[in-house]
Amino acid sequence: MKLAIVVQRYGESINGGAELHARYVAERLARHATVEVLTTCARDYVTWKNELPTGVETVNGVQVRRFPVRRERDPLMFGRLSEAVFRRQHSVDDELRWLESEGPDSPGLISYLSKHASEFDYCIIFSYRYHHAYHAVRAVPNKAILVPTAERDPAVGLRIFGPIFRGVRALMYNSPEERAMIQAVSQNDAVPSVVVGVGSEIPANPQPQRFRHKFNVRGPFAIYVGRIDENKGCKELFDFFGTYLDEGRGRLSLVLIGNAILPVPPHPRIRHLGFLEDADKFDAIAAADLLVMPSYFESLSMVALEAWALGRPVVANGRCDVLRGQCVRSHAGLYYENRQEFVETLRALERTRWLNVTLGRNGREFYKDQYDWPVIERKYLDVIGRLSGSSGADIEPLPGWFDRLRPECPASADVVAALPAGPVVAQEMGREPYVTPPTPPPRRIPEGTRPRPVHQSHGNRPAPQAPASSADRGGRQGPPRSFHSRRGPHRGRPRGGSPRSGA
């Protein structure tokens with residue numbers, strides 16, 4: 001069996017998001033099939049500048065074939081087109097021009113895939129919203145397995161993507177929330193799909209003390225791992241953590257790992273260590289008291305899974321359906337929706353040792369049960385096995401030239417706002433969740449916080465709006481617009497009674 005992995009960027013130096021996801025999947029599936037990666041020469045997702053050599057190389061035993069990008073992204077044009085299709089009524093032609101502006105536009109990649117399609121049994125295509133993925137699906141729809149990595153942002157509401165979601169052979173979703181959202185917007189329930197996510201290369205024996213000694217980190221700390229960017233919720237994180245520090249009743253410091261786009265506040269208890277190698281990153285997570293995930297938009301948080309694999313609890317932004325759902329399903333994370341909940345949640349984990357330990361233990365079991373690599377590999381191979389011997393439906397053609405110019409498409413932000421929202425508690429990710437440990441002894445609910453009910457289904461509530469960069473959110477900047485009046489009916493306390501928790 002021969003598989004193509006089609007992704008916008010690829011390489012050991014590209015460490016994060018869908019690109020790292022694609023590399024992990026390629027390297028794992030290479031144990032079961034011949035794998036060839038088709039990608040671009042770009043290293044930077046903002047500009048798509050050609051920085052890597054055209055041609056074939058081997059990365060960790062996997063053949064990688066790179067193609068040049070035709071043009072770099074024009075951020076101003078992309079911002080204007082994003083505003084037009086996200087916020088105003090528009091045409092299909094407007095959406096296609098937005099897609100071209102989004103990039104990466106690599107005619108050589110699509111041409112190669114079309115000409116050599118017969119050589120591949122299936123093509124696993126990453127990240128629906130990018131130019132290469134859209135055209136790759138249309139080039140080989142009967143062999144296309146899409147890993148959409150979709151977040152709840154306006155792009156998913158664009159009309160051009162409906163035929164893509166309905167026309168592929170199968171979809172490999174990152175989370176139940178992602179599947180529910182895409183099925184709601186595209187009515188693609190009939191397409192074979194599975195919630196699979198991705199594993200990680202967790203070290204067998206991380207060394208937390210080595211990290212503390214190497215970087216001179218003392219005392220308890222919370223850790224953030226990822227791009228330090230307003231779009232990842234870091235501006236709000238700094239604001240909320242500043243309140244925690246100002247109130248002076250906690251001992252936690254904040255350690256940040258990753259490249260900084262947003263300035264890091266100059267405070268002795270906020271330390272930015274920059275980009276670290278994987279060994280140092282895993283040592284740091286193992287040394288931390290907890291991991292904080294402040295992002296508004298995720299299709300799956302790999303770093304939350306890594307923290308759980310290492311037995312560390314997660315504090316997540318409850319306004320992100322996916323993060324909230326991960327906390328609820330794992331019984332291993334707490335979530336917050338405002339400043340005081342953030343502060344009191346940190347204090348609850350800092351003061352209540354049994355809570356910290358129980359969440360960490362739950363996280364280990366959740367990761368092993370759902371995201372250990374043998375589980376992930378089995379899901380991919382099972383889907384491929386089910387597709388063998390069957391044929392997919394023909395993909396819907398684009399409307400004719402005149403119809404493409406009709407301004408009949410609604411603002412995609414309005415489409416997304418009307419979709420059902422909320423964490424999906426009932427899940428189909430393999431085995432049933434394990435039984436949590438016995439309920440711990442009673443304890444006092446932290447001051448200013450009370451448990452919130454968990455939505456038992458993908459309910460119909462307003463979707464969050466979040467800050468956006470000129471690169472990927474149409475040039476919008478600024479704070480979240482509305483995160484209020486989002487509570488559903490009271491349905492009881494999260495298991496264990498911890499604040500904002502799935503524990």
Salt-bridge present ([X], [Y]; N to O < 4.0 Å):
X: R28; Y: E201; answer: yes
X: D105; Y: R71; answer: yes
X: K232; Y: E298; answer: yes
X: R329; Y: E177; answer: yes
X: D372; Y: K368; answer: no
X: E102; Y: R73; answer: yes
X: D153; Y: R129; answer: yes

Determine whether [X] and [Y] make a side-chain contact, defined as any pair of heavy atoms from C-beta on separated by less than 4.5 Å.
X: K281; Y: V225; result: yes
X: E236; Y: R319; result: yes
X: L300; Y: Q326; result: yes
X: T34; Y: M1; result: no
X: Y224; Y: C234; result: yes
X: D121; Y: K143; result: no
X: P141; Y: V168; result: no
X: V147; Y: T149; result: yes

Geometric class of the F240/F342 ring pair [parallel <30°, tilted 30-60°, perpendicular >60°]: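 Geometry flag for F240 against F342: tilted rings.
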
Could you check whether the rings of F165 and F161 sit parallel, tilted or perpendicular, using 30° and 60° as the cut-offs?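 Rings of F165 and F161: tilted, 30 to 60°.
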
Once rounded to the nearest 0.5 Å, what's the spacing between atom [atom1] of [X] and atom [atom2] of [Y]?
X: I182; Y: Q187; atom1: CD1; atom2: CD; result: 12.0 Å
X: F275; Y: N259; atom1: CZ; atom2: CG; result: 7.0 Å
X: S200; Y: L305; atom1: OG; atom2: CG; result: 8.0 Å
X: R88; Y: S412; atom1: CZ; atom2: OG; result: 11.5 Å
X: S299; Y: E178; atom1: OG; atom2: CD; result: 5.0 Å
X: I202; Y: Y367; atom1: CD1; atom2: OH; result: 4.5 Å

Could you walk me through whether Y112 and R65 satisfy the side-chain hydrogen bond (donor to acceptor under 3.5 Å, both in side chains) test, starting with their C-alpha distance in whole Å, then the side-chain angles of each, then the deciding distance to 0.1 Å, before giving a yes or no? CA-CA 10 Å; Y112 180 89; R65 191 178 299 271; 3.2 Å; yes

Hey, does the side chain of [X] reach the backbone of [Y] with a donor-acceptor pair shorter than 3.5 angstrom?
X: R66; Y: C41; value: no
X: N50; Y: P68; value: no
X: R312; Y: A307; value: no
X: K2; Y: V35; value: no
X: N188; Y: R166; value: no
X: Y128; Y: V156; value: yes
X: S91; Y: D94; value: yes
X: S106; Y: V69; value: no
X: R9; Y: R43; value: yes
X: E19; Y: V7; value: no

Determine, step by step, whether S330 and W308 satisfy the side-chain hydrogen bond (donor to acceptor under 3.5 Å, both in side chains) criterion, reporting the C-alpha distance in whole Å, the side-chain angles of both residues, the deciding distance to 0.1 Å, and the verdict. CA-CA 9 Å; S330 66; W308 285 328; 4.6 Å; no

May I have the step-by-step check of salt bridge (Lys or Arg N to Asp or Glu O under 4.0 Å) for R324 and E337, ending in yes or no? CA-CA 10 Å; R324 184 167 169 170; E337 289 190 4; 2.7 Å; yes

For a quick test of reading the model, state the closest non-hydrogen atom pair linking [X] to [Y] and the distance between them.
X: W98; Y: A155; result: CH2-CB, 4.1 Å
X: Q8; Y: Y130; result: NE2-CE1, 3.3 Å
X: L146; Y: I125; result: CD1-O, 3.3 Å
X: A139; Y: I110; result: CB-CG2, 4.3 Å
X: A22; Y: F126; result: CA-CZ, 3.6 Å

Starting from the C-alpha separation in whole Å, work towards a yes-or-no answer on side-chain hydrogen bond (donor to acceptor under 3.5 Å, both in side chains) for N60 and E27. CA-CA 7 Å; N60 292 340; E27 291 171 4; 2.8 Å; yes

Residues two or more places apart in sequence or in another chain: which of them pass ring-ring contact (aromatic ring centres under 6.0 Å, His included) with Y134?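 Y134 satisfies ring-ring contact (aromatic ring centres under 6.0 Å, His included) with no residue once adjacent residues are dropped.
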
Who passes salt bridge (Lys or Arg N to Asp or Glu O under 4.0 Å) against R339, sequence neighbours left out?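 For R339 the salt bridge (Lys or Arg N to Asp or Glu O under 4.0 Å) partners, ignoring immediate neighbours, are D239.
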
